[in-house]
Every structure is written in structure tokens, then in C-alpha cells.
Amino acid sequence: MIKAILIFNNHGKPRLIRFYQYFHQAAQDTSYCKAEDMQQQIIRETFHLVSKRDDNVCNFLEGGSLIGGSDYKLIYRHYATLYFVFCVDSSESELGILDLIQVFVETLDKCFENVCELDLIFHMDKVHYILQEVVMGGMVLETNMNEIVAQVEVQNRMEKSEGGLSAAPARAVSAVKNMNLPEIPRNINIGDINIKVPSLSPF
Amino acid sequence: MSDVVEKTLTALPSLLSLDSHPGSAKLSSTSKLGNLIRGITELTSKHEEEKLIQHELLAIKEQVSSPNTTMRQMKELMVRSIYCEMLGYEASFSYIHAIKLAQQGTVLEKRVGYLAVSLFLNESHELLLLLVNTVLKDLQSTNLIEVCMALTVVSQMFPKDMIPAILPLVEEKLNHPKEIIRRKAVLALYKFYLIAPNQVQHIHNKFRKALCDKDPGVMTASLHIYLQMIQENPEAYKDLTPSFVTILKQVVGGKLPMDFNYHTVPAPWLQIQLLRILSLLGKNDQSTSEVMYEVLDESLQRAEMNHNITYAILYECVKCIYTIHPKSDLLEKAAKCIGNFVLSPKINLKYLGLKALTYVVQQDPKLALQHQMTIIECLDHPDLIIKRETLELLFRITNGQNVTVIVEKMLEFLCISEDDHTTIDLVGKVAELAEKYPLKYNEWFIETMNTVFSLGGDMMQPDIPNSFLKLLSEGFDSVEEDRKLRLFAVNSYIPLLRGEPGKLPQRFLQVISWVLGEYSHLREDLEPAEVLSLLAKLLDMKNSSSETKSWVLMAMTKLCKGGADASVTQEVSETYSSSLDTVLRQRAHELQYLSQDPELRARVLPRGAKPETLEVDSSLSFLDRFVSEALAAGAAPYKPPHQRQEELDQSKALSLEPYGLSLPISMSSCSITDRQSPTLLSMSSGLSGDTLKLDGIKRVWGREGYLAQREPVEEAAQVEVPSPIQSPGRQGEGDSLHSQTPTQTPTPEPEQEKQQLASSLFVGLASQSSVSLMGKSEPMPQRFRRKAKGQGLGSSFIANEQISSSLISPPSAVDNLLCNNLLDSNNASELAEQTSQLSQSLTTANGTCHAEAELTESDTKGCNPALRRDNCVVAAGPGPHNDPGRLTEVCLDSYLPAELSGLSHSEIAPLCANQSLNLSACHVQKEDSLILVVFIMNSSESAIQQIPAGEVTSYSVAVGQYSLTVKRPAVHVEVVGTVSYQLPAGTSQSLQFSYKVPLTSFIRPFVVSTEEYGTMWLSFSHDTKQNLTLINDNQEPLTATLNALKKKLQLHVVEVIGMEGIVACRLLQDLPCLMHCRVNAGWLAVWLRSPVPDLPDCLIYHCQRALQSL
């Protein structure tokens, strides 16, 4: 089962947090009292563990002490400015999850047309909806990208029918140009170049 | 750069209204998220962020609580709160609004509401209950999207108690025409299974239907459930093996639509899941494994493309092949696969390869040899994770010869590891290895343990120092070796203390002080005074914990001799005898007294005392007299804390006490204690009054007495195990070593080094192919961990107490033994003499109980009065069958004595047999007794002499019957007996048997009136309470359950009043037991009372069993 999915950037700023298990303090640790704090602590520790690893080492990490025990593993991928970390227990296949991350990111790429960190920030809710079609309650629901995209599009259509949300006045362009962004995000590079989405020939 | 900006532009439609007029509500609120985010990105410090977010949260709070806020605005506000929560700022005020949004909004707003709820709340959050109705409504909606949202939120979290409310609706969704709904419903049910397995038990056949669903997606989802259920109980699902194999075959064969392909691999995740299920099913099961060989072979062959996901499948395949019943050619292929993994340049695959090797190496140590050079390389890998995995592998192949090298490697790793979790784990492993092979390398052992203690610090498992000290104190076979080992330990600690002890971890200091206290006298040139002053230095250190200080004081107590040392000890004991810490103060006083009285000290703390096997009277029976005196003096009988607590809780609430009416009203003021022992009214209310609160007090007293005392018993049992320290013989290691290292003639320098390392690491692996060399399967007599506890270790005080206690106590265990011996052997033989040739004696031997069987034998001459025999032995003529070995129950039935034949009897069970006699038995329940009928079958050619019927001629059956009563109840009563007989040749022989009777056979209905019941209830002192499951058939559950119990256990239902029922029964002959049942929140709360100890407990067990078997 997938216990948690964390996405944060190179500076440890969380971009998407989804816990499938409720982590709360062990009895002896009374210094923290809220689950939110525990979750933040897990994020911090995970970031600490993941960020100090080079890009040429393996993508698996045996769980930190917070998320608990040797039964838990962190499986992560690093895309440009973002880390995608899945925390799973021993019932999940390591390589399987690694490719699931790939599927998820490719799906994001399709839905946002060339996804970047900013998409995740400003459309946090949409990313959650996409994730809900991939993983449900900690279980892998769908691994077929086209199917996921189709599901998301059904929802989007519904949204459009409720009236266009984004009618962008032209002068706002200048506003954005003036915006001061300390970390200018690059486009997310979709890892392995040899991966190509197979064309779907009818059966 | 420019396209990045452009991209940013398209991503930020919301920002476009930055300085627009506040006219459009929608735009202004979207822009607020943009504003917030922009604001945050501009910040430079955490503090500023905090301020900004607090400000933001205030604004949100104000808006959400305003009545004018529309649902649409609320949606935007929720997104903003989600954002704040993600950053770690609590927005709890918005939780309730999230629920409201999910409840009242349109589909889009609902979606945000559900998302917010699922992010904000957890399954135990109280607000979640408010969501149940919404979910219920949405599950019934005709809008598919709403149904999907409801299912999603349900699978994320749902209050456990409310599952029954929505379960039928979710179940219904399994038949939904849309596959996505079916799939989500399956996963939601899986979630229910995880949090409340017994609530979905009845729909297991629906899971099967999901497995056979025409849509592969639904089938895939159902595999989650099966993986879990098979993991819990593989036996129950063996019949599904062929189905899983067929599915996998079809998937591998490409029968699925192309949609399911991922990088041209058909449904890889599905394959992985199936392989996992198969490996669980085939584990230790040859016939099941045989079904899957073919498909595994096919999977291995098909998966030869060079992509990540195929490796994932291969890895699962290999693991499966090594888990199920082995097949040689598959193993060969799997081994090759592992090779590919290990040798792969891709680091992820290498990691998995090492994992697979670690898994496999227990069965096939040679495989590690094949890859030894790769393993060596991995040891020096820059990636710590790979390194750790390699160490894990080495740990599994450790033996007596390579242990030093492997431990050295582990310690090297420990020095660079920063992760606490890894450190704890690895320290434990090093300690385990070091303890396994201590004898061979005395000094190495101590040095290794020293490193372990200093590196592991105070994080390590507490049992490591304990078992180390245990090892030191117990020693091995050779006295000289022990002395050397201890001396070496002392020698290594002295310089450490002289150096900078402040840097050492507390645990290490405790170990040091114990060892010095015990063994520093072994080093002759060392003055105790010097050790004392070193120890005293530890006391003065600021960072010494009080636990360490008490260890130090303990050591000083052992060391002080008076004279020159006196000043140091005096000073120390004075300082600490006024300490606020009671333990320290206790130790200081001990030090003070014992240092002044050397004689007493020598007695209390004998030098060089071997740890003795202590007999501990865990039942504390030596206190029996004290207890009975106290009881006689009016003290309340002992009740375990949980029971007391329960009653306290009850007394705080309403008095739900039944039958209280019969008490005079004037006495009701001291209700709690009265209830327990109305005979001891006046005294007890004062003694164990209800003001004593026991929350949070550690539970030291259990049903059997003082719980802590059990540990020493276990320890003692462990100690007796002979310690085979000798590592298995390793002859011929030398030549095998050469044959194993690859012989390359010209080797460059580093290469040579590696080979040297290899030969030292893999030594002893190949010489024997036997698995016994592998670390895991080696016996581990040295490991007492988890048993040894700190207290039992250093302090001889405790030991002394225990010795004395065992001396004083009239041992209850002996009781039991005596009883057995007496009846088993002595009486039997005595009886045999008296009754000439044949006798039978019965006793009961049953761990906890002392059931006594009364033998009644009327016409034996002058026999033991306790053993009366009722109906003598009836000799029957030769049986209808010539082969007595095949005498069936049916024909034994015919030997049942005539007066018993009308009654129901248990199945006739064979007891034991030898070449001449065959014993069977059954029990017959009569109204006021339980008759044990023993059938003695002569299966030999010759007649066997017996009394009183004279003899049992060949191939005939003699029948004896005995009435049994139970003195002290147990769940099962075991009757042990001996048949002594004489063959015609004159040799007397005996045959022993035992027979088990469930307690229920002794239970009879007990007819009383409600008033009588009320009076009896108050006079009984032993009771127990438990919740039982109710039977839910169509009629009234209470009556149904009581009737079922009545039928199964022969109880008498006295009366049923509303939701309560009272039931009575008696244990033969006339030991009553009363039962009070109340329906409470879907459970049957049962309260049993009886004058006989243990009877309520045993009976509740049988009630549970009876209800379970329905």
C-alpha cells in the first residue's frame, strides 16, 4: 500500500502532499501533539533524506525513523526542480512504483501541456484530482495514462460547462512579467529519453 | 527563458486580475490565491512567511464565516486553506466549511469540498461523522461523478463505526454498469476490509465475482483484496490458484486489449500483483506450486526486453520461484536472472539484485559465491543504500570464519552512517554476530562490543547491553577462558574511564560500571580505591543520567572494602542519600550500610557468584497464609486493576447493578465493595474504598500473581540450555578457499586486494553445501534478548529475594507432581497387587487445574478407599469380528453398559494400544454425573488375567466405567490413567493413557428462581466479564443467543427481562455458576459469578466457542 505521496521542490517547499495513512505521534514522543506537525516533520525529514542524494544513486531509500520501520520504503524521482516521493510498504514493487511515478508525471504533462512547477502550485487542486484517478486510498487504481486523462477530461468538461473560469484580460501579461520569482522553474524534464508513449493501435 | 515566462503566463490566468477592479467576485478571489503565492515567493525568511500566512488565515476566517459568502467563493477559499495547510499552518476553522461545501455545493464545488475534507481530516476526526450523510446521498446520486467522488473519499477515510450504514450502497455498486464505478467500489470495499475485516465477511463471494469481472480493470482492483486475504490465510484460497494462473497466462500471452500495454509490456502491474499472490499460495506447498511452474517459466522468457518495468516483473518472478516449492530448472533460470540484476550497470537493478540475493542466499549460498567480486565492489559503492544492502547480504552469510571481516565492514559503515534508523538496526546486527561467536576471539569480542556501545550510543536496543552482560556473567565452559574474557573487558575499560568518559554514551557507562563492580578484582595490580575514584568521577559528571548514577553506586557498593576507600564512599553516599531520586537514595543507603558491614556485604553480594537457576514461585503461594489471614480479618478479596477500574467507571455513572434490590437500603451507601463481598461489609468499605483511583498505574499484579516474577522463570529456563558455542566444524576450508577464488594469474594491485577480501568474506561458504553454515539457520543459543531485563541483571538483591521466596513457599507445582506420581505409579502398582492382576487408576494432569477423578470400584477387595470402582469390569464374549484391530466404534458401541446405552455419549476415541491391549474411551453425560467408559480390548491371541471378571479372553472387550467430578475447573479436564495387567506368562505390564474431557461435559442446568438467584449472586466472589457476539437471526437476538447457549452448554435460562437475561448452571456435583447477560451496543455483555475460582473464566471460554461455532 502507498502510505504517502509527497512532492516538493529542490528547496523543500511542499507542492503536493497526500497522506493515505494517518501518522500520529508515538506515545513516548510528546513534544508534538498534532498530526499536522507530524506530517510536516515527515516532509522535512524526507526532504532531508532525499535531497542529499546524488542523481546517480538508486531511487530507493529505506524509510526514515519517522515514517517508521524497515518495512517502509521511500521511492522517489527527481525531475528538474521537483522531487516526487512515494512512501510505500513492502507490499508494493519498487520498480513498479518507480514507473508509476513516471506515469503520473507523464499524465500531468499531458493534462497541463508541458507541465512545470508553477502548474503544480497554481493548480494544486487539479493535480489532486489527477492523482485521485491514479491512486485511490493508497491503492493503485489506474496505470493506463489514456484512461486517466480521459477521466480527468470528463471532469474538465463539466467544469467548462459551468462557465469559463479563465478569461484572461490582456494587460495582466505585463503584471506577470513584472513578477519577481526567485526560483524560475524550468520545464520538467520527463526522465528516460528512451521512453515513448506507445501509439495505441486498435486491438 | 522567454518561453518559460510564456509558460508561466498560461499557467497564471488567475494573476491576470492583479490590479483589476474588485467588481467581479470570482476574479478577485482567484487572484487572492495568486497574491498569496506571489507574496510567499517574494519572502525571504520563515518568520515573514508565518506572518503573511497568519494574516491570510485571518482573512479567510473572516470570509468563510460571513453569511454573504457564496458557495463559489467558498470554493476558492477552500483552495487557499488547503494551500496554507500544506505549508504546515493549521486552518481548522475551515474544516466544517469544507464539509458544508461537500454537502451543499454544485458538483464542482462539491469536488473541492470533498478534496478539502480528505486532506484536512483523518479517519478518527470527529467532524467526519458529519460527512456520512453527504456520502450516503452522493452514493445514491444518478450523477456518476458524484458517485465517484463519494467512493474516493470513502476509500481515503471513513469512520469505522459508520461502515454498516453505507456498506449496502457500496456493495450495490459492484453491479454498476460503468466499470470505473465498479472498480472504485472494489477498492472502497478493500479499504473497509482493512479497517474492519469482520464487517465485510459476508461479501467474500462478491469479491470472487469481482475477480471474474469482464473488465480487466475491476479484476485488477480485486487482486488488492486477494493479496491481503491470502497473506493472512493462504490455505483458504488454494482453490483459486488455477484461476490466478490462468489469468497470468492470458496476460503474459498478450490476450488483454492493447490499452493495457505499458511500453509494449502487457499490464505489468497486474502481472506483478499476480506473481505476488502466486508466491504466497505456493509457499511450502508442492502440489499448488506445480500448477504454476509453466506460467512462471513463460513469464521469465517473455520478460526479456530492456525496460524498467520488465525488470520489475522479472524480480517478482525470481522471488516467487525461490519462495514456492523448488524446481531445479526454474531455479537455474532464476539464478541467471539474479546475476543479470547484480551485474547490471543500472543502480536500481543492482539494488534489487542484492535484495534478491539476500533473499535467496539462505537457500543457495553458492549464488553469493558466484557474485563475490560484484559484492565486494558494492561494498565500496558510493551509494550508502547499496552499501547497506550489501552488508545485509553479508550478515546472512556470516560464519565463524568470516565474522571478523564482516563485522569490521559493518563497523566501518556505522562510522559514516547518519541515519538513526540504520544505526540502530546495524548495531543490533553487529551485536548479534559478536555474541554468536565470542569464544573464538575473546579480545575481538570485547573490542567489537566496545565499538558497538560507543557508536550505537543511547539509541540502540536496550537488550544489547543486557545480553552482553549476561554473556559475561554466565561465562562459558572453561573457567580460564571466562576469566580472560572478563579481565580483558576490565583492562579495556580502565583507560576509557581515565580518558574522557564524558563522551561515552550512558548505556556504555552503565555496562562499564557493572563490569568493573563485578570483575575489577580479577586484575591484581588494580587497587579498588582507584576504581572507586574513577567511578566517583562518573557521578560528578553533569550529563550522567540518574539511571547511570544508580549503576555506578551499585558498582561502588560491590567494590568498597572499608579502610582507605571509606572516605570516597562515605562522601558519595552522603551526597546521594538526600537525593530527590528515590532509587539513587536507596542505592546510597545500601552503599552506606554495606560498606560498613563487610560480613553482610559478602553475604548479600558474594564475589564471583555464578548466576543460579532460580526457582520462583510465580503463584506467590507463600503468601497464601497472609492472604487468608487478611481475608479472615475482613479485607476485601483481591481484584485485578482492570476490574477495579471498570467498577469505578461504573460507579461514576449510573448504577447498573442488577439484583441490588435484595440489599437493605441502609447498606447501599458503600455500594462498590459491598457488591463484591457482602459478607465483609463493614470492614471492606473502609479498606479498599472507592476513593482509590488506579488509573495509569502499571500493572504488576496479574491473575496468576506478581507479573514481574515471570521473567526470571523464563530466564531460568533459558539458562539451562546447554550453550554450544563451538561453531560447526570446518574441515577442508583451506582448499575450498582456493578453489573458490577465481584464479587469475596477472592481477593488478587493487584487484588483488579485493580478492583477498573476497576470500576472507566468503570463506567457509563453499566447503559445505549444507545450509547449516548460513547465518540464519545456525542455532543461536547465545541470544537471550527480549527475555533478559535490566533489573534481573546486576542486582543480586533481587536474586536473593527470589531464592528465599522459593524456599519459604510450599511449592504448588510440586503438589501437582505429587498427585500425579502418587496416582500414576504408586497407586497403580499397589492396586495391581491388591487386585491381583488388572487395575486402572486415574488422575488428572492439566497444567493449571487439579481435577481429581474419583474412581469408584465396588467389588475390589481392600483397595484404596479413594478409588472406588462402580460397576466393575464387564467381560464380554469374543467380538463378532476376528480382527480386533478393526473393531469399529459401532461395534464398541454395543459394549456400552446397558444402563448407559440410552444416554448420549461422546465419540468413542482410541486412547492407546500395544501389542496386546487396545484402549478406547468415551464419556456419557448422566443427569447428575459424568461417566467415563473405558474399553479394554484384548487384541492378542492369549487371554489376559484380570480382576474381578477374571480374565479377558482373546479378542474380547472389557468395559470399565468411572464417574468423574471436577474439583478445580479448567477449560479441558485431562484424565490420566494406567492399566496394569498380567499376561498368562506371568509378566505384569502396564499401559498408560490420557483422556481429555471439555469442561462443558460437567455442566448441568441449575434450576433456581429469580429470588434465589439474586441472593446467590451477591454471595459469590469470583467473577469475570466479557462481551460476546450476538446471534442475529430473525428472532430477538438475546433470546436467540441464550437459546443457543442453552442448547450447547446445557444452561438454565432463569428469566429474560427486556434486554437482560439471567442464566444459571452448575458444575457437577453442585458448584453453581450464575450468568447475567445484557444486550449492549450490538454485544452481549456477560457477567459470570461463581464461588469456584476459574470456573467463570473457563465457562466464558466455552460460551465464546459455542457462539463462534454457530
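In the text below, chain A, chain B and the rest are named by the order of the sequence lines, each starting its count at 1.
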Chain A heavy atoms under 4.5 Å from [X]: which part of the residue, side chain, backbone, both or neither?
| X | result |
| --- | --- |
| B:Lys350 | neither |
| B:Glu389 | side chain |
| B:Glu179 | side chain |
| B:Leu270 | neither |
| B:Glu49 | side chain |
| B:Glu123 | neither |
| B:Thr220 | neither |
| B:Ile145 | side chain |

**Message:** Using side chain to side chain donor-acceptor pair (under 3.5 Å), reason through A:Asn144 and B:Asp259 one step at a time and then give a plain yes or no.
**Reply:** CA-CA 7 Å; A:Asn144 182 352; B:Asp259 278 9; 4.7 Å; no
Report yes if some heavy atom in the side chain of [X] is under 4.5 Å from a heavy atom in the side chain of [Y]; otherwise report no.
| X | Y | answer |
| --- | --- | --- |
| A:Asp125 | B:Met78 | no |
| A:Leu95 | B:Ile313 | no |
| A:Arg53 | B:Asp383 | yes |
| B:Trp269 | A:Asp99 | yes |
| A:Gln102 | B:Tyr262 | yes |

**Asked** Where along residues 135-142 of chain A does a heavy atom come under 4.5 Å of chain B, listed by residue number?
**Response** A:Met136, A:Gly137, A:Met139, A:Val140, A:Leu141, A:Glu142
What are the two closest non-hydrogen atoms of [X] and [Y], and how far apart are they?
| X | Y | answer |
| --- | --- | --- |
| A:Arg15 | B:Tyr83 | NH1-OH, 3.8 Å |
| A:Glu94 | B:Tyr315 | OE1-CE2, 4.0 Å |
| B:Ile272 | A:Ser93 | CG2-CB, 3.6 Å |
| A:Pro14 | B:Met86 | O-CE, 3.2 Å |

With chain A as the partner, which of [options] has the greatest number of non-hydrogen pairs under 4.5 Å?
| options | value |
| --- | --- |
| B:Val154, B:Ile180, B:Leu151, B:Leu227 | B:Ile180 |
| B:Ile386, B:Leu349, B:Ile347 | B:Ile347 |
| B:Glu316, B:His224, B:Arg111 | B:Arg111 |

**Prompt:** Of the backbone (N, CA, C, O) and the side chain (C-beta and beyond), which part of A:Asn56 lies under 4.5 Å from a heavy atom of chain B, both, or neither?
**Reply:** backbone
**Fill in**
Honestly, the part of A:Leu98 sitting under 4.5 Å from a heavy atom of chain B is side chain
**Prompt:** Where do A:Gln40 and B:Glu85 land on the side-chain contact (heavy atoms from CB on, under 4.5 Å) test, with the steps shown first?
**Reply:** CA-CA 10 Å; A:Gln40 291 299 319; B:Glu85 281 254 335; over 6 Å; no
With rounding to the nearest 0.5 Å, note down the distance linking [atom1] in [X] to [atom2] in [Y].
| X | Y | atom1 | atom2 | answer |
| --- | --- | --- | --- | --- |
| A:His128 | B:Ile82 | NE2 | CD1 | 6.5 Å |
| A:Phe60 | B:Leu352 | CZ | CG | 5.0 Å |
| B:Ser118 | A:Tyr20 | OG | OH | 8.5 Å |

**Item:** Counterpart residues, side chain to side chain contact (heavy atoms under 4.5 Å, CB included), relative to A:Ser90 (two or more places apart)
**Value:** A:Asp71
**Test log, rule side-chain contact (heavy atoms from CB on, under 4.5 Å), inputs A:Gln132 and B:Gln156** = CA-CA 10 Å; A:Gln132 274 176 1; B:Gln156 168 74 23; over 6 Å; no
